[in-house]
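What follows is a single structure, written as structure tokens, with notes after it.
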Amino acid sequence: MAGRRGQRKNEYYFDYSLLFIILFLVGFGLVMIYSASAYDASVQMDDETYFLVHQGGAAALGLVAMFVVSWIPYHFWERFAVLGYIVSVILIFLVLTPLGIEANGARRWLNLGISVQPAEIAKLAMILFLASVINKMGRKVKTAKGFWAILVMAAPICLLVWKITDNMSSAIIIAGIAVLMLFVASPDYKRFIVLGSIGVAGAAALVFLIAQSSTTEGLGFRGERILAWLDPEAYASGKGFQTLQALYAIGSGGIFGKGLGQSMQKLGYLPEQQNDMIFSIICEELGLFGGIAVILIFVLLIWRFMVIANNAPDLFGALLVVGVMGHIAIQVILNIAVVTNTIPNTGISLPFISYGGTSVMFLLIEMGLVMSVARGIRLKDV
Amino acid sequence: MEKSKTWHRKKIVTVFLICTAMFIGLAGRVVYLMVFRSEHYEQLAEDLHQRERKIKAKRGRIIDSTGTVLADNRTVCTISVIHNQIKEPEKVIEVLCRELELSEETVRKRVEKVSSIEKVKSNVSKEVGDAIRAYKLDGVKVDEDYKRYYPYNELASKILGFTGADNQGILALESSYEEYLQGEAGVILETTDARGVEISEAGEDRIEPVNGDDLILSLDVNIQQYATQLANQVMKSKEAESVSILVMRPDNGEILAMVDVPEYNLNDPFTLGTEVEADKKQDALNQMWRNACINDTYEPGSAFKIITASAALEEGVVTETDAFSCPGFIVVDDRKIRCAKVAGHGAETFVQGTMNSCNPVFVTVGLRLGVEKYYAYFEQFGLKKKTGIDLPGEAGTIMHKKEDMGNVELATVSFGQSFQITPIQLATTISSLINGGNRIIPHLGVKTVNEEGEVTNTFSWKTEQRIISESTSERLRSILFEVVENGGGKNGKVEGYRVGGKTATSETLPRGSGRYISSFVGFAPAEEPKVLALCIIRNPKGTYYGGLIAAPVVRQLFENILPYLEKMEYTLQKGT
């Protein structure tokens with residue numbers, strides 16, 4: 001359908017709707033970052049455009065990278081698949097060296113001239129690596145052995161991201177990307193349903209156990225987060241603080257919002273307001289309509305990914321797009337779920353919109369990859 | 001290179017559909033939060049963003065019947081700190097410690113507490129408030145409000161009561177009329193960011209305070225002052241423990257004066273006259289604030305013979321001319337009850353017996369009534385219930401149970417012993433018996449008036465409860481007139497006026513301690529009583545007979561206030 005739109009019967013396809021969605025999201029993200037962070041920036045940095053300028057620079061750089069990548073045939077990257085995997089592992093370990101930067105109590109960043117999050121690189125490396133491996137495995141991926149082989153290959157990175165950089169959210173995202181790519185590659189459903197059921201049952205049992213325990217001692221901060229999730233108002237000044245402040249913001253937005261720039265919660269009440277919690281500021285300022293519109297844009301984006309993946313010239317291309325699709329879908333769903341207190345609090349940023357240079361740059365590079373795959377679509381094939 | 005298969009496409013669509021389903025779920029959650037929970041969270045957020053500053057309402061004044069203000073307001077300051085706005089915490093602590101004379105620890109705790117606004121001290125004088133304001137310290141707020149001030153210091157302290165740190169009524173009228181006096185506090189709501197900085201565009205919401213209504217009393221400051229003076233005099237001359245004087249109108253229950261010396265200074269109610277150990281201070285303060293007229297009970301003694309006489313006259317078991325004989329004692333069952341006059345009064349009529357305050361006469365009359373009837377009248381006269389006066393803490397009557405009452409108990413009750421009532425109960429019951437027979441409710445509050453002078457509430461104290469017949473009441477008045485005119489109460493006689501009354505002397509428990517309570521109750525004019533006064537002297541030294549020490553107090557009081565009241569009445573009638 002989308003492909004048929006081009007009247008020019010030339011051989012290649014360029015997905016303009018995807019480009020538009022991406023540009024819109026990046027632009028909207030910058031507006032919201034400025035709105036959400038101006039107060040904080042003027043208080044902390046004495047420059048209310050501080051976060052806007054930094055994010056703007058990263059986005060510009062990312063857009064250039066995106067176009068460059070989109071012009072390079074995606075098969076070019078296949079040869080770097082294993083290398084990318086190894087580099088990610090090394091970068092993760094580098095966090096432990098003096099190159100690592102500690103912020104907010106976690107060592108997650110690397111100082112390589114600019115600050116970089118190895119976990120963001122690992123996501124892209126994992127997509128590339130798995131796409132290449134599954135492609136090479138061919139029919140073997142259908143077997144149980146192939147199924148487990150893929151999972152075992154993905155596991156080390158997840159564990160390293162979780163344990164070394166103490167970043168469970170990113171580990172979950174990387175694992176999710178791997179499972180989704182495997183799901184698409186394999187014709188099987190049963191294993192995934194079993195795997196999924198076990199996951200859901202385990203999580204439910206854990207929540208039940210924590211909710212039943214009489215003392216909070218020995219639960220650790222993740223246990224407390226779960227208790228705070230179940231009743232944020234009871235933990236208002238502790239673990240439930242951020243969630244509750246986000247709910248205040250969302251709730252006080254109402255149907256039409258307070259208007260752009262009119263958020264009260266961004267005035268120092270809501271922590272991470274331009275970061276993980278930016279969706280709640282969007283809701284407060286732009287109301288229910290703004291919040292739903294953002295969700296719709298992401299649905300559109302994922303729909304474009306589906307169309308491109310389904311029309312990709314080969315499995316490698318399709319899997320690349322599926323990986324990116326999984327990455328973005330998982331992150332958006334988890335972020336909005338956290339902000340609306342649908343799941344326990346964990347730090348996940350909203351793709352394209354949340355403040356974060358590495359994140360937006362690598363996301364745009366991933367978009368470049370998807371566009372490159374889209375270029376491979378021959379219109380007569382569609 | 002492998003081509004993508006059909007299942008790949010199916011699965012990609014499956015992934016998309018699963019994601020979309022989750023997005024729809026989240027959208028639903030957002031709708032729930034932003035539509036159905038919106039009000040809840042918006043309210044919570046507003047509470048968080050808005051800083052509340054109370055504007056105190058002006059407390060209503062308390063004014064007597066002549067228009068004299070007895071409880072007034074003075075401007076004072078409340079000092080608060082706003083944690084987020086403090087720039088020099090050490091200087092703030094230092095200045096506040098010095099100016100407010102508070103310990104550093106106290107001030108530091110307030111200054112360092114993370115809250116939107118924290119009160120450091122209230123009721124600070126305006127001068128100190130101005131001095132603190134002059135330092136221009138960031139984060140220190142000086143708000144002006146009102147403090148209670150009592151222009152007459154000790155006058156009527158036991159009935160006015162005083163207010164606490166937040167201007168709330170604590171005792172007596174200040175407490176019982178709290179709802180009329182307090183008014184409604186106003187609020188200034190300022191919207192601030194998380195550091196407490198006001199957001200000027202947001203403006204401030206202001207809810208204006210509603211000032212309290214003035215309370216108008218039946219009390220007359222002139223009578224109160226004179227009665228206080230008399231009470232102090234007799235307390236001093238008789239070295240008594242305390243003296244109470246109650247002046248009320250028997251026809252409608254309005255209290256004109258209620259004195260219970262020693263009184264205390266309303267502007268400084270927490271200072272005791274004497275040094276007391278710290279743990280006993282509260283007890284001593286409570287003792288000092290007690291109003292013996294209503295909070296304490298006592299044995300009324302011979303004044304209670306008025307009640308026995310009323311019941312007997314009403315029931316018809318005695319007439320004025322019935323003959324009695326007093327040998328100086330009377331034997332009831334196996335107990336010998338003595339008369340005050342050991343030699344006995346000899347032959348006497350009922351009226352003479354009352355004039356002599358003869359115990360055997362009243363024991364005989366009481367026994368004629370019998371326990372059943374006597375008890376019925378006791379209840380009918382309202383003696384078992386509280387009077388319902390508009391002052392808090394009225395004590396109840398301590399009386400024998402009917403089933404425990406034998407002839408001996410009945411005999412002692414007949415002349416006012418072996419049970420206890422409050423002075424206000426005695427005065428109210430006697431008033432009701434002599435006013436024609438209608439039970440009244442003693443009270444001080446007449447009406448409330450707002451700032452514009454409009455009457456906002458008129459309190460109704462009317463009862464339609466007849467306790468004895470008009471004619472019995474009339475007969476009682478003339479007997480009591482005889483008591484003062486020619487009997488034991490002759491020291492209560494006032495030149496040019498017809499006064500009725502009865503004396504009383506009772507030994508306090510335990511008997512034999514030599515501690516007495518002398519009292520006299522008098523009313524005038526005897527035919528149509530306009531005023532009734534009760535004087536109680538506790539533990540006087542030397543002469544302790546009520547007729548000798550309490551009756552002259554009432555006489556002096558009447559000598560002064562009867563002409564005054566006539567003049568008031570005259571002006572009032574002329575006015576209306």
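First the proteins, then the strands, lettered A, B, ... as listed; each starts at 1.
Between B:Tyr41 and A:Tyr248, the ring planes are tilted. Angles from 30° to 60° get that label.
At a threshold of 4.5 Å between non-hydrogen side-chain atoms, the residues B:His8 and A:Asn310 do not count as touching. Residues A:Lys142 and B:Trp7 form a side-chain contact, since some pair of their non-hydrogen atoms from C-beta on lies under 4.5 Å apart. Residues B:His40 and A:Glu233 have side chains in contact (heavy-atom distance under 4.5 Å, counting atoms from C-beta outward).
For a residue to count as touching a neighbouring chain, one of its non-hydrogen atoms must lie under 4.5 Å from one of that chain's; by this rule A:Ile292 touches chain B with the side chain only. For A:Phe256, no part lies near chain B; criterion is any non-hydrogen pair under 4.5 Å. Contacts between B:Val31 and chain A at a heavy-atom distance below 4.5 Å involve backbone atoms as well as side-chain atoms. For A:Val322, the part sitting under 4.5 Å from any heavy atom of chain B is the side chain, from C-beta outward, and nothing else. Of the atoms belonging to A:Tyr189, heavy atoms from both backbone and side chain fall under 4.5 Å from chain B.
Within 6.0 Å of NZ on A:Lys258 lie more than 12 heavy atoms contributed by other residues, nucleotides or ligands. Within a 6.0 Å sphere centred on CZ of B:Arg74, other residues, nucleotides and ligands contribute 12 heavy atoms or fewer. At most 12 non-hydrogen atoms from other residues, nucleotides or ligands lie less than 6.0 angstrom from CG of A:Asp46. Counted within 6.0 Å of CZ on B:Phe36, heavy atoms from surrounding residues, nucleotides or ligands total 12 or fewer; the atom is thus considered open. Annotation: B:Gln168, atom CD; neighbour count of heavy atoms from other residues, nucleotides and ligands within 6.0 Å is above 12.
Most heavy-atom pairs under 4.5 Å with chain B, from the set A:Ala249, A:Ala185, A:Ala337: that is A:Ala185. Per-residue counts of heavy-atom pairs under 4.5 Å with chain B were compared for A:Ser252, A:Pro187, A:Ser186; the largest is that of A:Pro187. Comparing A:Gly317, A:Gly291, A:Cys283 by how many heavy-atom pairs each has under 4.5 Å with chain B, the most go to A:Cys283.
Residues passing the side chain to side chain contact (heavy atoms under 4.5 Å, CB included) test with A:Ser37, sequence neighbours excluded: A:Ile33, A:Phe51, A:Gln274. Listed by chain and residue number, A:Trp229, A:Pro232, A:Thr243, A:Leu247, B:Arg29 satisfy the side chain to side chain contact (heavy atoms under 4.5 Å, CB included) test with A:Asn341 (two or more places apart in sequence, or in another chain).
Scanning residues 324-332 of chain A against chain B with a 4.5 Å non-hydrogen threshold yields A:Met325, A:Ala329, A:Val332, sorted by number. Taking 4.5 Å as the heavy-atom cut-off, the residues of residues 11-22 of chain B that approach chain A are B:Lys11, B:Ile12, B:Val13, B:Thr14, B:Val15, B:Phe16, B:Cys19, B:Thr20, B:Met22, ordered by number.
Considering OH of B:Tyr32 and CG of A:Leu288, their distance stands at 14.5 Å, rounded to 0.5 Å. The CE atom of A:Met264 lies 8.0 Å from the CG atom of B:Leu48; values are rounded to the nearest 0.5 Å.
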